[in-house]
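None of these values were measured; they are calculated from a predicted model. FYI, the numbering just counts along the sequence from 1.
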Amino acid sequence: SLTNKDRLPNTYLATIMILDSQQPAEEEVLSASSVPLGMAVISEPYTLMLTGFFTISTFQTVLRNVTYNNLALIPTGFIRTLRFDVLSSGRSVLANQITPMDSNIAFTTVSIIYVDYTPVLKVTPRLTQYTEGDGVVNLLTSTTITDIDNTTLVSAR
């Protein structure tokens with residue numbers, strides 16, 4: 001929950017970072033939905049920044065809709081720690097000037113569960129008649145094996 005005592009619209013900069021990635025940056029994506037017109041979304045490796053002059057409730061809605069997507073076929077590591085913080089361009093009462101104020105830092109984790117996909121076998125059978133003594137005959141006209149997370153098969157039965 002994001003709070004601000006004066007409840008007025010303010011310029012905020014929210015930063016969300018993946019702290020412990022073990023994969024190339026293009027395989028781990030942070031994004032946000034429900035982003036209102038005028039809010040800047042800056043995406044950098046392992047980082048998502050959201051900024052603009054909005055109410056706290058607008059920023060809370062956007063932060064609740066931040067998503068993580070792992071595009072790797074074989075993810076590396078089991079846990080990702082994500083760091084959230086917000087910077088506000090608040091007004092200093094003593095100096096009556098704009099002074100950046102940092103929020104506390106909040107963390108969440110994402111558990112990565114690797115799925116070993118099974119191979120897929122597609123065959124086109126040949127209509128075969130066999131007469132005793134014919135010898136060897138082919139049974140298939142085509143065979144395709146795919147496995148999206150592995151290029152080496154151990155055996156076939």
Side-chain angles (χ1 to χ4, degrees), residues 1-91 98-126 138-157:
S1 176
L2 185 61
T3 58
N4 184 350
K5 290 184 181 181
D6 59 20
R7 302 201 193 312
L8 298 174
N10 212 338
T11 301
Y12 295 100
L13 170 63
T15 305
I16 303 95
M17 297 174 65
I18 302 171
L19 298 180
D20 50 3
S21 178
Q22 301 169 22
Q23 294 177 208
E26 64 273 5
E27 291 182 347
E28 293 190 288
V29 179
L30 294 171
S31 60
S33 59
S34 304
V35 176
L37 186 63
M39 182 177 286
V41 178
I42 304 154
S43 185
E44 295 183 356
Y46 310 110
T47 304
L48 179 68
M49 292 180 283
L50 308 162
T51 188
F53 185 79
F54 292 94
T55 63
I56 259 187
S57 65
T58 299
F59 257 88
Q60 285 181 148
T61 299
V62 174
L63 287 174
R64 281 187 200 109
N65 290 293
V66 169
T67 59
Y68 169 86
N69 191 8
N70 193 313
L71 303 173
L73 286 178
I74 304 175
T76 305
F78 300 104
I79 299 286
R80 297 294 183 273
T81 303
L82 287 87
R83 175 185 187 257
F84 288 73
D85 73 295
V86 177
L87 182 69
S88 163
S89 63
R91 188 166 293 280
I98 296 191
T99 308
M101 296 181 287
D102 237 337
S103 72
N104 61 308
I105 296 171
F107 297 93
T108 189
T109 57
V110 176
S111 297
I112 308 294
I113 299 171
Y114 170 67
V115 176
D116 188 8
Y117 293 95
T118 58
V120 175
L121 173 64
K122 292 182 182 176
V123 299
T124 305
R126 180 178 299 221
N138 289 331
L139 301 175
L140 305 173
T141 57
S142 69
T143 307
T144 306
I145 301 171
T146 56
D147 190 343
I148 63 171
D149 62 352
N150 196 344
T151 58
T152 306
L153 291 176
V154 175
S155 65
R157 297 184 272 179

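- Taking every heavy atom of both residues into account, V62 and P36 meet most closely at CG2-CD, 3.7 Å.
- At least one donor-acceptor pair closer than 3.5 Å links the side chain of T51 to the backbone N or O of Y12.
- For E44, there are no side-chain hydrogen bond (donor to acceptor under 3.5 Å, both in side chains) partners two or more places apart in sequence or in a different chain.
- Between Y46 and P24, the shortest heavy-atom distance links the atoms OH-C, 3.4 Å.
- Rounded to the nearest 0.5 Å, atoms CD (Q23) and OG1 (T76) are 4.5 Å apart.
- Taking every heavy atom of both residues into account, P75 and Y114 meet most closely at CD-CD1, 3.7 Å.
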Considering only distance and modelled atom types, tabulate donor-acceptor pairs under 3.5 Å from the side chains of residues 13-20, sequence neighbours left out.
{"from": "D20", "atom 1": "OD1", "to": "T81", "atom 2": "N", "distance (Å)": "2.8"}
{"from": "D20", "atom 1": "OD2", "to": "T81", "atom 2": "N", "distance (Å)": "3.4"}
{"from": "D20", "atom 1": "OD2", "to": "T81", "atom 2": "OG1", "distance (Å)": "3.1"}

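- With respect to S31, the side-chain hydrogen bond (donor to acceptor under 3.5 Å, both in side chains) criterion is satisfied by exactly one of N65, N69, T67: T67.
- With sequence neighbours excluded, the residues satisfying side chain to side chain contact (heavy atoms under 4.5 Å, CB included) with V110 are Y68, R80, L82, I112.
- Contact detail for A72 and E27: the closest heavy-atom pair is CB-OE1, 3.4 Å.
- Looking only at distances, a side-chain donor or acceptor of T141 sits under 3.5 Å from a matching main-chain atom of T124.
- Within the 4.5 Å cutoff, the side chain of L139 has no heavy atoms near those of the R126 side chain.
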